[in-house]
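Note that this is a predicted model, so its numbers are computed, not measured.
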Amino acid sequence: MDHDIEVREIAPGDWDAIVALEAGAYADCALSEDRAALESRAAASPATCFVLVRRVRLAGYVLALPYPRFRFPDLSQAEDSVFHSPNLHLHDLVVAREERGRGLARRLLRQLTATARSRQFERISLISVEDSRPFWSARGFEPHPEIPLPESYGTSAVYMSRALTDGAGR
């Protein structure tokens with residue numbers, strides 16, 4: 001267990017680092033969003049959005065917000081509504097490239113799952129991008145290839161979801 005890790009809600013001073021991590025993760029595949037869009041996702045549900053700090057450096061984040069099942073945010077615009085839904089949509093989970101392979105994404109997912117359960121969400125959904133489907137499948141997310149996705153999410157994107165009643169914390 002790495003004792004130099006803290007997972008906490010996003011603070012106002014975290015946004016420069018979040019924007020930099022997001023750009024580093026998605027700029028090459030044209031999935032990057034602007035700061036206003038990212039901040040709007042967190043503003044829609046601050047209690048389900050987190051940063052991971054490792055050795056006093058922001059090393060990852062997760063943005064999740066209530067969204068109706070089989071629906072998802074538009075990458076080109078900020079959120080303008082807050083949904084009340086039993087489905088929590090994991091919009092983005094990023095770990096800094098140099099920190100990958102340490103189980104930090106799983107740690108963020110465990111935090112999100114525990115929070116979602118405590119807030120009585122029934123499901124978590126996401127859109128798997130950039131060939132991340134095996135990671136999500138290994139954590140109990142099932143694909144829904146019948147859900148059409150806009151081209152903005154990329155050609156390999158697939159909507160996935162998982163019930164929270166399965167007891168898996170993975």
Query raised in the report: Is I147 linked to L75 within one hydrophobic cluster, defined over Ile, Leu, Val, Met, Phe, Trp and Tyr using a side-chain heavy-atom separation of less than 4.5 Å?
Result: yes

Report summary line: Nearest heavy-atom approach of T48 to A64 is OG1-O, 2.6 Å

Query raised in the report: Is the count of non-hydrogen atoms from other residues, nucleotides or ligands lying under 6.0 Å from E151 atom CD greater than 12?
Result: no

Query raised in the report: Got more than 12 heavy atoms from elsewhere within 6.0 Å of CD, Q120?
Result: no

Query raised in the report: Is any side-chain heavy atom of R41 closer than 4.5 Å to a side-chain heavy atom of C49?
Result: no

**Report entry** Distance, nearest 0.5 Å, that separates CZ of F141 from CD1 of I124
**Finding:** 5.0 Å

Report summary line: Taken in chain and number order and not counting sequence neighbours, the residues that satisfy side chain to side chain donor-acceptor pair (under 3.5 Å) with Q111 are none

**Report entry** Side-chain donor or acceptor of S40 paired with backbone N/O of A37 under 3.5 Å
**Finding:** yes

Query raised in the report: Would a distance-only check, ignoring hydrogens and angles, find a side-chain to backbone donor-acceptor pair under 3.5 Å from S125 to S161?
Result: no

Query - Cluster check I127, L38: I/L/V/M/F/W/Y, side chain < 4.5 angstrom - result: yes

Query raised in the report: Side chains of F83 and L65: closer than 4.5 Å at any heavy-atom pair?
Result: no

Report summary line: Scanning both residues in full, the closest heavy-atom pair of V158 with P143 reads CG2-CB, 4.1 Å

Query raised in the report: Just by distance, do the side chain of S132 and the backbone of S128 share a donor-acceptor pair under 3.5 Å?
Result: no

Query - Passing option when E99 is tested against R55, R57, R107 for salt bridge (charged side-chain N to carboxylate O under 4.0 Å, His left out) - result: R57

Report task. Determine whether R139 and R106 make a side-chain contact, defined as any pair of heavy atoms from C-beta on separated by less than 4.5 Å. Result -> yes

Query raised in the report: If you take all heavy atoms of P46 and A43, which pair is closest and at what distance?
Result: CD-O, 3.6 Å

Report task. To the nearest 0.5 angstrom, please state how far the CG atom of D34 sits from the CD atom of E39. Result -> 9.5 Å

Query raised in the report: Can T113 and R162 be said to form a side chain to side chain contact (heavy atoms under 4.5 Å, CB included), step by step?
Result: CA-CA 10 Å; T113 300; R162 181 182 114 193; 3.3 Å; yes

Query raised in the report: Considering only heavy atoms from C-beta outward, does the side chain of L93 approach that of L112 to under 4.5 Å?
Result: no

Query raised in the report: Any side-chain heavy atom of S45 sitting closer than 4.5 Å to one from P66?
Result: yes

Query raised in the report: Atom CG in L149, atom OG1 in T155: separation rounded to 0.5 Å?
Result: 11.0 Å

Requested in this report: Taking all non-hydrogen atoms of both residues into account, name the closest pair between L164 and A116 and its distance.
Outcome: CD1-CB, 3.6 Å

Query raised in the report: So do F50 and E9 actually touch side chain to side chain, heavy atoms under 4.5 Å?
Result: yes

**Report entry** Side-chain donor-acceptor contact under 3.5 Å, D14 with Y61
**Finding:** no

Report task. Could you pull out the closest heavy-atom pair between A157 and V129, with the gap in Å? Result -> CB-CG1, 4.1 Å

Query raised in the report: Taking the inter-plane angle between the rings of Y67 and H89 on a 0 to 90° scale, is it parallel (under 30°), tilted (30 to 60°) or perpendicular (over 60°)?
Result: tilted

**Report entry** Hydrophobic cluster membership, W15 vs Y26, 4.5 Å side-chain cutoff
**Finding:** yes

Query raised in the report: Are W136 and L109 side-chain neighbours, meaning at least one heavy-atom pair lies under 4.5 Å?
Result: yes

**Report entry** Option among V7, I10, L21 that satisfies the side-chain contact (heavy atoms from CB on, under 4.5 Å) test with V51
**Finding:** I10

Query raised in the report: Shared ILVMFWY cluster between F135 and V94, side chains joined below 4.5 angstrom?
Result: no

Requested in this report: Kindly compute the distance separating CD1 (I18) from CG (L63), expressed to the nearest 0.5 Å.
Outcome: 6.5 Å

Query - Pair D74, S76: side-chain N/O donor-acceptor within cut-off below 3.5 Å - result: yes

**Report entry** Aromatic plane relationship, H91 with Y153 - under 30° parallel, 30 to 60° tilted, over 60° perpendicular
**Finding:** perpendicular

Query raised in the report: side chain to side chain contact (heavy atoms under 4.5 Å, CB included) between E130 and L31: does it pass, once the steps are laid out?
Result: CA-CA 10 Å; E130 291 293 291; L31 292 174; 4.2 Å; yes

Report task. Could you label the plane-to-plane angle of the Y159 and F72 rings as parallel, tilted or perpendicular, counting under 30° as parallel and over 60° as perpendicular? Result -> tilted

Query - Single-linkage hydrophobic cluster L90~L104, side-chain heavy atoms < 4.5 angstrom - result: yes

Query - E22 versus S32, side-chain donor and acceptor atoms under 3.5 Å - result: yes

